[in-house]
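To start, the structure itself, in structure tokens.
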Amino acid sequence: MKVSEISNGSAVKIHASINGHNIVLMTEAIFGVSAGLLVKPMEYFGKYMQFLEPSNVQIKNKRDGRVYRFMSTTITPVKTRYGYFHLIKSSSSLQPENSRRAQRFNIEKLGVMSVNGDNQNLKNCIVYDISMRGMALILDNYTKVKVGDSLNVRFTYGATLHSYEVSSTIVRLFDIDGKRAVGCTISNLNVDLVGLLDTKRKQQFTETETNLNPAISQQEQVKEVEEDIAKDEAPAIPRTITISGNPLDPSNLEHVERGSIRQSKKDEKIAQQAREIASLLDLRDI
């Protein structure tokens, strides 16, 4: 998979390092072009950032829900007829970090469950996420379970508070943000649950997608942007800021060091005037 094949609206996280100082930037994919992946612009105190050295990039692709990690070649600002964006280039082939094929969707709804058919002793749980094959549940500290236990889970979801019931089997124990959780396989994929997953998938593709020009197709938008990139990849206004290897470079810390630089220049000017006055006094004595 190429970086240009990442879906519109996918979350992009960029890890960069400046002399051992790590920074993380978040942005969002627009669409792929022949040169790479167009993403929403990233500004730093009014300047567009550019990474001319390889950076670690992590993308959660909306199309399949998988996480891809790779090294970018460069990340530079580009000017288009629709405004300024960033272009991520990479020669690496993207491989999914997680091999799970079934896409998972966040639910995070309170539910109740019975363990091994004990309907007289219902337990509270949180349905954390769910897929066509399984789901993750967050449990309270008093619920004791083990791998192989069967769980019948009920929860309500959606504007109509529709009730869903899922039969599952625990396959692993783990933690979610420090809370006890279990991963389960689903044994009864009913019509209601299929409908819920289909709704979640459609929402994921429409909620945060960016459409630069609704009047034309995305294919035509890509063509226009590629034409603009071919003209000029480096915008002149506003200025860009290059991430260099020196974190104390005044050009990188202008917002912090501006006052001290101005004061330093003022002090130098006063010192120069003092030297000139001293020279005039020497000439008067002569």
Set out, in order, the CA-CA distance, both residues' side-chain angles and the distance that settles side-chain contact (heavy atoms from CB on, under 4.5 Å) for I88 and V12, then state yes or no.
CA-CA 10 Å; I88 299 178; V12 180; 4.0 Å; yes
Can you see which heavy atom on [X] is nearest to which on [Y], and at what distance?
{"X": "R69", "Y": "Q58", "answer": "NH1-OE1, 2.7 Å"}
{"X": "T74", "Y": "L52", "answer": "CG2-O, 4.0 Å"}
{"X": "Y157", "Y": "N106", "answer": "OH-O, 4.4 Å"}
{"X": "I14", "Y": "S55", "answer": "CG2-CB, 4.2 Å"}
{"X": "S163", "Y": "T156", "answer": "CA-CG2, 4.1 Å"}
{"X": "V33", "Y": "S4", "answer": "O-CB, 3.4 Å"}

Side chain to side chain contact (heavy atoms under 4.5 Å, CB included) involving K223 - partner list, sequence neighbours excluded
E227
Can I126 be reached from V145 by stepping across I, L, V, M, F, W or Y side chains whose heavy atoms are under 4.5 Å apart?
no
Is there side-chain contact between [X] and [Y], with at least one heavy-atom pair below 4.5 Å?
{"X": "L137", "Y": "M113", "value": "yes"}
{"X": "Y128", "Y": "I176", "value": "yes"}
{"X": "I30", "Y": "K40", "value": "yes"}

Counting only N and O atoms by type, is there a donor-acceptor contact under 3.5 Å from the side chain of [X] to the main-chain atoms of [Y]?
{"X": "N121", "Y": "D118", "answer": "no"}
{"X": "Q221", "Y": "L212", "answer": "yes"}
{"X": "D228", "Y": "R81", "answer": "yes"}
{"X": "S90", "Y": "S92", "answer": "yes"}
{"X": "T80", "Y": "G83", "answer": "yes"}
{"X": "E220", "Y": "S217", "answer": "yes"}
{"X": "S131", "Y": "G134", "answer": "yes"}

Just wondering, are more than 12 heavy atoms of other shown residues or ligands nearer than 6.0 Å to [atom1] in [X]?
{"X": "D175", "atom1": "CG", "answer": "yes"}
{"X": "E108", "atom1": "CD", "answer": "yes"}
{"X": "F174", "atom1": "CZ", "answer": "yes"}

Steps toward side-chain contact (heavy atoms from CB on, under 4.5 Å) verdict (V78, V225)
CA-CA 9 Å; V78 291; V225 169; 6.0 Å; no
